[in-house]
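Notes for the one structure printed next.
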Amino acid sequence: QQQVKQSPQSLIVQKGGISIINCAYENTAFDYFPWYQQFPGKGPALLIAIRPDVSEKKEGRFTISFNKSAKQFSLHIMDSQPGDSATYFCAASMFSGGYNKLIFGAGTRLAVHP
Amino acid sequence: EAQVTQNPRYLITVTGKKLTVTCSQNMNHEYMSWYRQDPGLGLRQIYYSMNVEVTDKGDVPEGYKVSRKEKRNFPLILESPSPNQTSLYFCASSPGLLKNSPLHFGNGTRLTVT
């Protein structure tokens with residue numbers, strides 16, 4: 001199974017709140033888990049990434065939590081700001097066909113209200 | 001400025017009329033790829049190229065062609081577009097995915113086939 005399941009599809013959070021987006025995977029061959037952020041009219045851009053040998057990675061207000069046994073990982077945005085309003089994609093990478101293939105989740109549209 | 005440039009940004013065409021979406025990167029990246037983004041389906045890979053004259057199918061290659069005659073350019077060709085190819089298309093490049101290098105995306109081409 002090469003799917004990455006992402007939830008929720010959309011999320012509304014008040015300014016200052018915590019935004020949480022969850023992803024799950026089946027294939028244990030995945031070994032790298034990035035998150036991409038996409039603003040309207042723009043292409044996705046790498047936000048933060050984690051490898052399965054650590055359980056958490058934090059960069060500023062953004063944190064990835066990783067649960068290897070449950071095959072789940074999540075993005076937490078602390079003190080959410082209106083400028084964080086964007087679509088977020090989780091992804092998982094595995095070595096296949098001579099390169100690291102990236103599989104994306106369906107995306108979460110986040111709206112942070114002032 | 002390092003960037004991936006796609007043209008055109010918007011394209012409306014009719015069924016069966018051949019079209020080409022251009023993609024160019026100025027970062028000397030070896031790896032390039034095309035994705036389509038559809039609501040609820042995330043980003044799905046159409047074709048990718050590991051280097052000049054080396055291309056391969058992604059997950060949804062039907063109805064598309066690509067070529068990689070130069071390192072910087074990776075055009076997407078729809079020989080006979082159909083309405084189910086109406087989508088938002090992204091070109092992306094990377095130094096190489098062997099070390100999980102981040103993907104650099106263009107700003108997208110919104111294609112409508114009537």
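Just so it is clear: chains get the letters A, B, ... in the order the sequence lines come, proteins before strands, and each one is counted from 1.
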Please output the side-chain donor-acceptor pairs of residues 104-114 of chain A that fall under 3.5 Å, not counting sequence neighbours, one pair per line with the distance.
| residue | atom | partner | partner atom | Å |
| --- | --- | --- | --- | --- |
| T108(A) | OG1 | Q6(A) | NE2 | 3.0 |
| T108(A) | OG1 | P8(A) | O | 2.5 |

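For Q6(B), no part lies near chain A; criterion is any non-hydrogen pair under 4.5 Å. R9(B) touches chain A through its side chain: at least one heavy atom from C-beta onward sits under 4.5 Å away, while N, CA, C and O do not. Both the backbone and the side chain of P44(A) come within contact range of chain B, each with at least one heavy atom under 4.5 Å from a heavy atom of that chain.
The interface of residues 58-70 of chain A with chain B, defined by heavy-atom distances below 4.5 Å, is empty.
Distance check: L102(A) CG to Y48(B) OH gives 13.0 Å after rounding to the nearest 0.5 Å. In this structure, CD on Q37(B) lies 7.0 Å from OG1 on T87(A), to the nearest 0.5 angstrom.
Applying the side-chain hydrogen bond (donor to acceptor under 3.5 Å, both in side chains) definition to pairs two or more places apart or across chains, those involving residues 76-85 of chain B are K65(B)-E79(B), S82(B)-N84(B).
I20(A) and F73(A) fall into different hydrophobic clusters, where Ile, Leu, Val, Met, Phe, Trp and Tyr side chains are chained together by heavy-atom contacts under 4.5 Å. Both Y25(A) and V54(A) sit in one connected hydrophobic cluster of ILVMFWY residues. Membership requires side-chain heavy atoms under 4.5 Å apart, directly or through other members. Cluster membership for L76(B) and F90(B), using ILVMFWY side-chain heavy atoms within less than 4.5 angstrom, is not shared.
Within 6.0 Å of CG in L41(B) there are more than 12 heavy atoms belonging to other residues, nucleotides or ligands. Around the NZ atom of K42(A), the shell of radius 6.0 Å holds no more than 12 heavy atoms that belong to other residues, nucleotides or ligands. Within 6.0 Å of CD on E56(A) lie more than 12 heavy atoms contributed by other residues, nucleotides or ligands. Within 6.0 Å of CE in M78(A) there are 12 or fewer heavy atoms belonging to other residues, nucleotides or ligands.
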Fill in: Residues L43(B), Q38(A); criterion side-chain contact (heavy atoms from CB on, under 4.5 Å); working and verdict
CA-CA 11 Å; L43(B) 291 153; Q38(A) 181 185 30; 5.9 Å; no

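Residues passing the side chain to side chain contact (heavy atoms under 4.5 Å, CB included) test with P40(A), sequence neighbours excluded: none.
The shortest distance between side-chain heavy atoms of I103(A) and R44(B) does not fall below 4.5 Å.
The two residues N107(B) and G43(A) come nearest to each other via the heavy atoms OD1-N, 3.5 Å.
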